[in-house]
Amino acid sequence: KVVAWSASASLLASASADGTIMLTKVGQPNEDGGVKIEKVQTMHLPGAVEAMCFLDGGDTLCAYARDTAYLSYFDLKNLDNEGAKQTKVTVNESCVKGFEEHVSFAIMCLVPSPNGRYVAAATDTSRNIIFEK
């Protein structure tokens, strides 16, 4: 459903409607045109993954799952040793107590700013949001 390449093009993230995100290392083409691929890690979010993008030159993956009130940031720096560590950041600027997990929109596209400081989010409503990373 959603795919994203890291800036180095060596890591491909693919995600599906069941909330699964798969990270795959993609090697350079060999003499006969073949490419070595290696499954690195599988992560799970609680809903359909609608959007994701790489940040920090490929060291961080940002993802959004439908019906959640947060962005998931996965730290990939120690992927080979420790696996991806997830940090959740709310998409609700402010909310009434008891409604922290409620959101009235879904993020459909995530795009990092050129300087990497912000992430622009396009939603399924008339709302576009810029998050500071």
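In what follows, every heavy atom counts, from backbone to side chain, and hydrogens, waters and symmetry copies are set aside. The first residue of the sequence shown is numbered 1, and numbering continues consecutively from there.
- Between atom OG of residue Ser14 and atom CH2 of residue Trp5 there is a gap of 10.0 Å, rounded to the nearest 0.5 Å.
- When every heavy atom of Met43 is checked against every heavy atom of Ala84, the shortest pair comes out as SD-CB, 4.1 Å.
- Distance check: Met108 CE to Asn128 CG gives 12.5 Å after rounding to the nearest 0.5 Å.
- Ser113 places a side-chain N or O within donor-acceptor distance of the main-chain N or O of Tyr118, the cut-off being under 3.5 Å.
- Looking at every heavy atom in both residues, Thr68 comes nearest to Pro46 through CG2-CG, 3.6 Å.
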Just do the side-chain contact (heavy atoms from CB on, under 4.5 Å) check on Leu110 and Leu71 with the steps written out, would you? CA-CA 10 Å; Leu110 291 167; Leu71 291 175; 4.1 Å; yes
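- For the pair Phe131 and Val91, the minimum side-chain heavy-atom distance is below 4.5 Å.
- The pair Lys77-Asp56 does not count as a salt bridge, with every side-chain nitrogen at least 4.0 angstrom from each carboxylate oxygen.
- Between Asp124 and Arg66 there is a salt bridge, since a side-chain N of the basic residue sits under 4.0 Å from a carboxylate O of the acidic one.
- Between Gln41 atom CD and Met22 atom CE the span is 11.0 Å, to the nearest 0.5 Å.
- Residues Leu11 and Leu76 meet the side-chain proximity criterion, which asks for heavy atoms closer than 4.5 Å.
- Connection of Ile130 to Tyr70 is not established within any shared hydrophobic cluster, with ILVMFWY side chains joined at heavy-atom distances below 4.5 Å, either directly or through further cluster members.
- For the pair Pro112 and Cys53, the tightest heavy-atom approach, listed with the atom from each and the gap, is CD-SG, 3.8 Å.
- More than 12 heavy atoms of other residues, nucleotides or ligands shown are found within 6.0 angstrom of CD on Glu82.
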Dump the intermediate steps for side-chain contact (heavy atoms from CB on, under 4.5 Å) on Gln86 and Leu45, then the final yes or no. CA-CA 10 Å; Gln86 181 184 16; Leu45 294 178; 3.5 Å; yes
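- In plain terms, the two heavy atoms of Gly27 and Val35 that are nearest each other are O-CG1, 3.1 Å.
- Using a 4.5 Å cut-off between side-chain heavy atoms of Ile, Leu, Val, Met, Phe, Trp and Tyr, with links allowed through other members, Val26 and Val2 fall into different hydrophobic clusters.
- In this structure, Ile21 and Leu61 have side chains that are in contact, with non-hydrogen atoms separated by less than 4.5 Å.
- For the pair Ser104/Arg127, a side-chain contact is recorded, criterion being any heavy-atom separation below 4.5 Å from C-beta on.
- Both Val119 and Phe105 sit in one connected hydrophobic cluster of ILVMFWY residues. Membership requires side-chain heavy atoms under 4.5 Å apart, directly or through other members.
- Taking all atoms of both residues into account, the shortest heavy-atom contact from Lys25 to Val40 is CG-CG2, 3.3 Å.
- Placement of Leu55 and Met52 in two distinct hydrophobic clusters is found when ILVMFWY residues are connected by side-chain heavy-atom separations under 4.5 Å, directly or transitively.
- Here the CZ atom belonging to Phe74 is positioned 9.0 Å from the OG1 atom belonging to Thr87, to the nearest 0.5 angstrom.
- Both Ile129 and Val89 are part of a single hydrophobic cluster, where members link through side-chain heavy atoms under 4.5 Å apart.
- Separation of atoms SG (Cys62) and CZ (Phe54) is listed at 11.0 Å; rounding is to 0.5 Å.
- Among residues two or more places apart in sequence or in another chain, the side chain to side chain donor-acceptor pair (under 3.5 Å) test is passed with Ser126 by none.
- Ala65 and Gly47 make their closest contact through CB-O, 3.7 Å (heavy atoms, listed as atom of the first residue, atom of the second, distance).
- Atoms NZ and OH, on Lys133 and Tyr73 in that order, are 7.5 Å from each other to the nearest 0.5 Å.
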